[in-house]
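Here's the structure we're looking at; comments come further down.
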Amino acid sequence: MDYLQGLNQPQQDAVQHISGPLMIIAGAGSGKTRVLTYRTAHLIEKGVDPFQILLLTFTNKAAGEMRERIEKVIGNDAKNLWMGTFHSVFAKILRFDGKHLGYTSDFSIYDTDDSKSLIRSIVKERGLDDKIYKPNVVFNRISGAKNRLIGPDDYMNNPIISADDTAAKLPEMGKLYKIYATRCFQANAMDFDDLLFNTNLLFRDHPAVLDKYQRKFKYVMVDEFQDTNVSQYLIVKKLSDISRNLCVVGDDAQSIYAFRGASIDNILNLEKDYPNMTTIKLEQNYRSTQNIVEAANSIIAKNKNQLKKNVFTENEEGSLIELIKASSDNEEGRLVSTHIFESKMNLGLRNTDFAILYRTNAQSRTFEESLRKLNIKYRIIGGLSFYQRREIKDLLAYFRFVINQNDEEAFKRIINLPKRGIGDTTIAKITITAAEQQISVWEVVANIRQYQAGRFADTIEGFADLIKSFKIMVESQKKDAYEVASHIAKSSGLLRELHDDKTVEGLSRYENVQELLNSIKEFVDNPDTGTDEKNLATFLQNVSLMTTADEDDPDGDNDRVTMMTIHGAKGLEFNHVYVVGMEEDLFPSQMMLQSRADLEEERRLFYVAITRAEKKLMMSYAETRYQWGRLKPCEPSRFLDEIDPKYLQFAKNIRRAVEDTQRLPQGFVRMSNREQKMPDFNTPDTKTSVANLIRPSTSTRPAVTGSANTYKPSADFTPSDTKNLAEGDRVEHLKFGFGKVKKIDTNGTDRKAIIQFEGTIGEKTLLLSFAKLRIL
DNA sequence: GACGCTGGCGTTTTT
DNA sequence: CGCCAGCGTC
């Protein structure tokens, strides 16, 4: 047991604790991952079968990494551990045993978009006003109920909830919940909350099943316990009812998911439910400098609601926290990027040593721009992920529908894709028929003439045959997931449609679909991703339960600056950390304070941000920020006042960030006659410079950016814009280089220019609204 | 049913 | 500013 050598006393105690309930309160940077790793290894060395250990982590990636580390200690046995997120582990269990609740093993998983779309349909069908019954609001209420284990019937019979709904002017909520649940069930689909809710039902109503898993999982461990909700807690509690070998690791000071039902009460409940529980506190921080640890302590001390602990470090004192004041959000981007650039030069650091953390995903844009100008590679975690893009979701919907033909939301997505002439009216008829007759959409589609003799019967029969042929291919098992997937992509016409779209945007869509197919190939070829079958259904499940941190870099170049929200940074550490956007209303978030009046959670979030830093921490705020095209004045965050000033210092020697030569090429213009607004301060600002005119879109941004291939058209393109460009003009395009305008095509709705480019690129038809052109 | 235009509205964080 | 639902036209 060499691994005990490098551990301090409490860490050793935790590792060597074998039976009975155990709670580890682990301060930030106190080495909890090491403890969990070694404790698992230790259990196995003491003769526990890895099959009997269940380890629940916050991301699938964390599970994967921990599995690797455990493997290093105990070898191949680690493969047999059950590890993953709550959602992925219990989805797996529901695939086995969901039949007891009436689901087949092929059930679909609805993501938030699917859920909201279903709610929107239901609200419409019932003739309710969707301005009052906003899908968002309805969904949140349903989700909240499920997380408190309140089913639709309980919901309707609960006078307190009814009164609350009536007060909120949503008296139909109960009925909507009931219909929503029924429709999901009919579609053989579960949403994210259902995965936990149904696991609870399964364990509550089917003692034999519960018993099976209680015997299987003799040791249950939960990481990031402070972020579990009641539903999750009850699952682990039930599982460990017999063995009572429950081990949870968490830090109440880092609880940042109250908005989705996580509750510190779980920690208190645990003490009640397990009176003989051992509690171990890990208080020594190995990650950060003294200044950082103490500054973080000084912040979190303002919270009333917390467990007592004393986080300390024996690391060096380190430098002070630097504060950067910028005049605008764009200048903030420039200053931070320049600082990264100079730190790299002066200290010999790599891009991976840096992280930029912000409160909201939308803040990433200015940093993307400024980093790109300095040629610093970056990656963005979170935001709009690869798998949320339209073309990807479309193809995935095909897969979903082939595997589970009851999947109403997948059906709605693909029935008219590519265009088959089936409109909203026909789709609504089909889904309503299905709901009324209590049958699946497939039942209606496959026997369309029985239900509707309309003029679309032929088209729909054709569609049904197509799906049937795919289904046969999946079931024959002669072809692997990749072959099936690419067959579906081709035969559905999806790939062809994208291929025919010669716009820059269409091109990137096509590439994305190819990338998805590649990743399926990789999935099939990669030998060691657990013991599951390598079929399309497994791939789908992996994808739908992927956490944002799970997405990996597509290319081999991993030396990148990391940008993400503070929520996404949980559990990570970086040499240099920039916490940006330190402005009142943004952080702490105004929304948060309004809806929950809970400053303490925001403060914990701030605590999490600070404690990610190992050596250097910088914070920045802007005095003005662009919002909806307007400059908005900002106040510094109250959190800046809360830090003991002795840990703070204003950044000095920051040069004006970008030299003119490093700007994007001069002279590129947008083909628009719209006037540009000028900001009311004198620093040159990218908002009004050419950089802005060709800036990457926030919505089609790839998961990993830095390449210059995704730009989005302006939404406000008008016919007069084409006047700027004439046939015969010599132009330069940002991506394709120099060329000559052969023809301007103003027929139809798209205004296109056919341009002959020099070199091997050849002729391209460009939608003018993309405007990545410069007239020479 | 498809498509373009217009006006209203929005940004918290995530499985 | 940009998205998208809703409306009007073909």
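Every chain is numbered from 1, with letters handed out A, B, ... down the list of sequences.
With rounding to the nearest 0.5 Å, the separation of OH in Tyr110(A) from NZ in Lys116(A) is 15.5 Å. Atom CD of Gln226(A) is separated from atom CD of Glu224(A) by 5.0 Å, given to the nearest 0.5 angstrom. Taken from NZ in Lys412(A) to CG in Asp424(A), the straight-line distance is 10.0 Å, to the nearest 0.5 Å.
Nucleic acid contact class of Lys570(A) (heavy atoms, under 4.0 Å, all strands): none. The residue Ile422(A) sits close only to the backbone: its heavy atoms come under 4.0 Å of sugar-phosphate atoms, none of a base. Among the heavy atoms of the strands lying under 4.0 Å from Thr425(A) are primed sugar atoms or P, OP1, OP2 only; no base atom is included.
Remark: Asn416(A) is not in phosphate contact with dG1(B), judged by side-chain N or O atoms under 4.0 Å from OP1 or OP2. The phosphate of dT15(B) has neither OP1 nor OP2 within less than 4.0 Å of any side-chain N or O from Thr59(A). Contact annotation: Lys124(A) reaches the phosphate of dG6(C) (side-chain N/O to OP1 or OP2, under 4.0 Å). Distances shorter than 4.0 Å separate some side-chain N or O of Asn361(A) from OP1 or OP2 on dT14(B). Put simply, Thr565(A) has a side-chain N or O that comes within less than 4.0 Å of OP1 or OP2 on dT14(B).
If you measure from atom CG of Asp130(A) to atom P of dG8(B), you get 16 Å, rounded to the nearest angstrom. With rounding to whole Å, Gln363(A) atom CD is found 9 Å from dT13(B) atom P. Across the protein-nucleic acid pair, Glu601(A) atom CD and dT13(B) atom P stand 13 Å apart, rounded to whole Å. Rounded to an integer number of Å, the gap from Arg604(A) CZ to dT12(B) C1' is 15 Å.
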Mind running side-chain contact (heavy atoms from CB on, under 4.5 Å) on Asp407(A) and Asn188(A) for me, showing each step along the way?
CA-CA 6 Å; Asp407(A) 189 330; Asn188(A) 194 23; over 6 Å; no
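At a cut-off of 3.5 angstrom, the base of dT15(B) holds no donor-acceptor pair with the side chain of Arg260(A).
The gap from the C1' atom of dT12(B) to that of dA5(C) amounts to 24 Å, rounded to the nearest Å.
Of the candidates dT13(B), dT15(B), dG10(B), the closest approach to any side-chain atom of Lys134(A) belongs to dG10(B).
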Writing each nucleotide of DNA chain B 5' to 3' as (, ), [, ], | or . by Watson-Crick or G-U pairing under 3.5 Å yields ||||||||||.....
